[in-house]
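First up is the structure itself, then whatever we jot down about it.
Each chain gets a letter, A, B and so on, in the order its sequence line appears, and its residues count up from 1.
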Amino acid sequence: MTEEVRVRFAPSPTGNLHIGGAHTALFNWLWARHEGGKFVLRIEDSDRERSTKEYEENIYSGLEWLGLHWDEGPQIGGPYGPYRQSERLDIYHSYADKLLNEGLAYREGEAVIFRVMPGEVVSFDDIVYGHIEVKSETLKDIVLIKSDGTPTYNYAVVIDDFTMAITHVIRGEDHIANTPKQILLYKALGIKLPEFAHLPMILGKDKKKLSKRHGATSVLEYKEMGFLPEALFNFLALLGWSPGDNREIFSVEEAIKWFDIKDVNKRASVFDMDKLRHINQEHIKRMDPERRLEAVKPFWVALDLPIEKHSPEYLAKVLEIMDGRGQTLKELAEYTDYFLTFEPVKERVDFEYTENVREVLRPFCNDMIKLSRWDSKALEEFAREWSANKKVPLKKIAMPLRILLTGTKVSPGIFEVIELLGREETKKRLAHWGILG
RNA sequence: GGUCCCAUCGUCUAGAGGUCUAGGACACCGCCCUUUCAAGGCGGCGGCACGGGUUCAAAUCCCGUUGGGACCGCCA
């Protein structure tokens, strides 16, 4: 029988859930789900000065938005609680006392410090990075308990991972250098070591560690920018891992099925916004219409567009007609504003332009508006015939129509747009520009 | 400075000694769709950091060089 896989994500609430943290959480979560194990959330708030409730909330919201639900953690509890370091002080002290009594640690001031003996080779086999070893004399003594009575990271993490029965410690590569120190502690305590798997770092475009300078500081900002959680998930999963077979766009379920911690690579990767946008676009295309509509609504509202004046069917049609255009929900909302109201069109088109095209468009529109059938096919057929008869290039009609009706040079096929806008609305808009009559 | 880690197109990656004149994706650049592109189709550019080994054979293994990065707090 094999023991149940137990992994944890242990952020400190001294900042928002950023891309790096989300990436680490994601890989832990994937491994737990793939193995049918448990994903534990532990809040490392031993730095009481910098930890805040707001950051803690941001971390919860960020994880939830990404769909990384945890099996044990603060609030929901679990058999290995408490899950907040600030509530586990007595545990840290009892193990520290043990080391003190055995003479393996000493007091200096109020602090408890572990004595590192020279002449030892500390090594471990990382699932991702392979065999790593360092000589103990390159390590300094390790502070276990700070003078204020709170534990240090390197100490608390060992006690917590052990007492929470964590089987795989999956974290950022920046922790490799800490691992030998922690191993010394595991050995001194005589407790079982977990498996270690370090993850490659995510760098900014300048190849430096991702930070505020690189933009978003919270994953929730990606939500506001119009990214889908499954797209960010997909993108993040691709940083340091790939399912092979040239598969790049996949669902969360597929990732769970295909993921293996052993397949993670060692090379740090650069966060590429263009690729994220592309993956987001692919996921928007794959969404079912109802969900897509619900996802775009808030962005229309943010633009003050009157969604309440239209039926859900019409709104869904609007998104359908966009047929893959737009890389974010925000763009999709912006690109379709003219379907919800004429106002932005009025602002975008200057009167002089209408003067120039009126002569060509007027006779055409006067006939078009009276067409018996009002669908894109009939509209287009009519336009083609008209342009052939009058020896006017179709372009001379289609483009001005597009600009007058949508206020932009880019849109879906103009006859599809006209069909969806409807005869009355089209009539209203053309009349406004003085094209009819 | 010390210790540790990394190294395939600009970017994300496939590649676990021969099937690699290195595959895919993003980006970029063309062309087409002659109603636009922010949609779609087709094509192009572009990489194994360098030098030594090992081997019949190396992107793949070893060593070195160079270049990046991380850690060296009573932060996590």
Side-chain angles (χ1 to χ4, degrees), chain A residues 10-15 21 44-47 49-51 85 108-113 126 128-130 132-135 137-140 142-157 171-181 198 200-203 205 207-209 235 238-249 263 265-279 281-282 285 321-328 331-332 334-336 380 383-384 387 393-403 406 408-417:
Chain A
S12 76
T14 53
E44 305 211 333
D45 60 349
S46 59
D47 183 343
E49 291 293 301
R50 298 193 298 142
S51 296
Q85 287 189 332
E108 191 173 290
E110 293 297 301
V112 178
I113 300 171
D126 192 278
V128 173
Y129 285 86
I132 291 172
E133 60 176 49
V134 311
K135 294 185 174 64
E137 45 269 38
T138 65
L139 272 20
K140 294 180 190 163
I142 305 161
V143 175
L144 267 25
I145 306 279
K146 306 175 214 168
S147 301
D148 66 358
T150 60
T152 59
Y153 166 73
N154 279 124
Y155 174 61
V157 75
R171 72 230 307 190
E173 181 244 21
D174 47 338
H175 286 291
I176 283 185
N178 286 322
T179 309
K181 300 176 197 170
H198 287 88
M201 305 257 78
I202 299 176
L203 279 16
K205 262 247 175 318
K207 303 247 183 165
K208 293 276 190 289
K209 199 171 171 179
F235 173 74
L238 246 19
L239 259 28
W241 176 77
S242 116
D245 292 339
N246 293 332
R247 292 176 292 204
E248 288 220 297
I249 306 298
D263 296 334
N265 61 219
K266 310 187 234 268
R267 224 249 245 159
S269 49
V270 173
F271 184 94
D272 181 4
M273 188 62 98
D274 285 330
K275 182 90 178 221
L276 204 212
R277 291 169 57 79
H278 168 256
I279 290 175
Q281 179 168 31
E282 292 304 317
K285 286 184 195 170
I321 205 180
M322 289 305 282
D323 192 32
R325 273 164 269 245
Q327 297 196 293
T328 63
E331 284 182 352
L332 208 37
E334 289 165 355
Y335 294 167
T336 52
E380 183 174 346
R384 287 192 187 283
S387 84
L394 185 57
K395 198 175 198 160
K396 290 274 187 201
I397 299 165
M399 209 54 201
L401 264 181
R402 180 179 345 266
I403 289 177
T406 71
T408 150
K409 288 186 280 190
V410 182
S411 82
I414 190 59
F415 302 110
E416 292 171 80
V417 171

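Backbone-only contact: L239(A) has heavy atoms under 4.0 Å from sugar-phosphate atoms and none from a base. If you check every strand for non-hydrogen atoms under 4.0 Å, R267(A) touches sugar and phosphate atoms only. Among the atoms of the strands shown, base atoms are found under 4.0 Å from some heavy atom of F415(A).
Every residue meeting the side chain to side chain donor-acceptor pair (under 3.5 Å) condition with D148(A), not counting sequence neighbours, appears here in chain and number order: T150(A). Applying the side chain to side chain donor-acceptor pair (under 3.5 Å) rule to E380(A) yields the partners R384(A); only residues at least two apart in sequence or on another chain are considered. Scanning for side chain to side chain contact (heavy atoms under 4.5 Å, CB included) contacts around I403(A) gives V349(A), Y353(A), K409(A), with sequence neighbours left out. The ring pair (Phe, Tyr, Trp, His ring centres under 6.0 Å) search around F235(A) returns F271(A), not counting sequence neighbours. Remark: Y153(A) engages H175(A) in a ring pair (Phe, Tyr, Trp, His ring centres under 6.0 Å) (not counting sequence neighbours). Partners of S12(A) by side chain to side chain donor-acceptor pair (under 3.5 Å), not counting sequence neighbours, listed by chain and number: T14(A). Every residue was checked against the side chain to side chain contact (heavy atoms under 4.5 Å, CB included) condition with A177(A), not counting sequence neighbours, and none meets it. Listed by chain and residue number, H131(A) satisfy the side chain to side chain donor-acceptor pair (under 3.5 Å) test with E133(A) (two or more places apart in sequence, or in another chain).
Taking a pair to require two hydrogen-bonding distances under 3.5 Å in either a Watson-Crick or a G-U wobble arrangement, C72(B) pairs with G1(B). Pairing partner, C45(B): none, since no Watson-Crick or wobble contact has both distances short of 3.5 Å. In a base pair of the Watson-Crick type (N1 to N3 plus N6-O4 or O6-N4) or a G-U wobble (N1-O2 and O6-N3), with each distance short of 3.5 Å, C37(B) is matched with no nucleotide. A 3.5 Å limit on both hydrogen-bonding distances identifies U66(B) as the Watson-Crick or G-U partner of A7(B). With both pairing distances under 3.5 Å, G18(B) is matched to C56(B) as a Watson-Crick or G-U wobble pair.
Residues P180(A) and L139(A) have side chains in contact (heavy-atom distance under 4.5 Å, counting atoms from C-beta outward).
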Sugar-phosphate means primed atoms, P, OP1 and OP2; the rest is base. With that split, encode nucleotides 69-76 of chain B 5' to 3' as B, S or - using protein heavy atoms under 4.0 Å. SSSSSBBB
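Side-chain N or O atoms of D45(A) include one that pairs as donor or acceptor with a backbone N or O of Q85(A) at under 3.5 Å. With hydrogens and angles disregarded, a donor-acceptor distance shorter than 3.5 Å links the side chain of R402(A) to the backbone of P412(A). The main-chain N or O of V143(A) is never found under 3.5 Å from a side-chain atom of Y155(A) such that the two would form a donor-acceptor pair. The backbone N or O of D47(A) lies less than 3.5 Å from no partner atom in the side chain of R50(A), so there is not a single donor-acceptor pair. Side-chain N or O atoms of T336(A) include one that pairs as donor or acceptor with a backbone N or O of L332(A) at under 3.5 Å.
Annotation: of the two residues near RNA chain B, V134(A) and W241(A), the 5′-most nearest-nucleotide partner is V134(A).
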Close N/O contacts between protein and nucleotides 42-46 of chain B (under 3.5 Å):
none

Give me, pair by pair, the N or O atoms of the protein and of nucleotides 19-25 of chain B that are less than 3.5 Å apart, along with how far apart they are.
unit_1, atom_1, unit_2, atom_2, d
G24(B), O4', N246(A), ND2, 3.4
G24(B), N2, E248(A), OE2, 3.1
A25(B), O4', E248(A), OE1, 3.0
A25(B), O2', E248(A), OE1, 2.7
A25(B), N3, K275(A), NZ, 3.1

Measure all distances between protein nitrogen or oxygen atoms and nitrogen or oxygen atoms of nucleotides 38-41 of chain B, and list the pairs falling under 3.5 Å.
unit_1, atom_1, unit_2, atom_2, d
A38(B), N6, T408(A), OG1, 3.2
A38(B), N6, V410(A), O, 2.7
A39(B), OP1, Q281(A), NE2, 2.9
A39(B), O2', D323(A), O, 3.0
A39(B), O2', D323(A), OD2, 3.4
G40(B), OP1, K285(A), NZ, 2.4

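Atom CG of D274(A) and atom C1' of U13(B) are 16 Å apart (whole Å). For M273(A) and G10(B), the CE to C1' distance is 17 Å, given to the nearest whole Å. Atom CG of D245(A) is separated from atom C1' of G15(B) by 12 Å (rounded to the nearest Å). Here the P atom of nucleotide U36(B) and the CE atom of M399(A) are 8 Å apart, to the nearest Å. Between the CG atom of D272(A) and the C1' atom of C9(B) there is a distance of 14 Å, given to the nearest Å. Rounded to whole angstrom, the span from the NZ atom of K266(A) across to the C1' atom of U60(B) amounts to 12 Å. Atom-to-atom, NZ of K205(A) to P of G68(B) comes out at 19 Å; the value is rounded to the nearest Å. Atoms CZ (R247(A)) and C1' (C12(B)) sit 17 Å apart, rounded to a whole Å.
For the C1' atoms, the distance linking G67(B) with G51(B) amounts to 14 Å, nearest Å. When the P atom is used for both C45(B) and A25(B), the distance is 14 Å, rounded to whole Å. Remark: the separation of the C1' atoms in C37(B) and C31(B) is 16 Å, to the nearest Å. Between the C1' atoms of G15(B) and A7(B), the separation comes to 15 Å (whole Å). For G40(B) and G47(B), the C1' atoms lie 29 Å apart once the distance is rounded to whole Å. Taking atom C1' in both U54(B) and C12(B), the straight-line distance is 33 Å, to the nearest Å. Using atom C1' as the reference point in both C20(B) and C9(B), the two lie 15 Å apart (nearest Å). Nucleotides U11(B) and G68(B) have their P atoms positioned 14 Å apart, rounded to a whole Å.
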Verify side-chain hydrogen bond (donor to acceptor under 3.5 Å, both in side chains) between T179(A) and R171(A), making sure each step is shown before the conclusion. CA-CA 11 Å; T179(A) 309; R171(A) 72 230 307 190; 3.2 Å; yes
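The environment of CD in E110(A) is sparse: at most 12 heavy-atom neighbours from other residues, nucleotides or ligands sit within 6.0 Å.
Between N265(A) and C12(B) there is no side-chain N or O to OP1 or OP2 distance below 4.0 Å.
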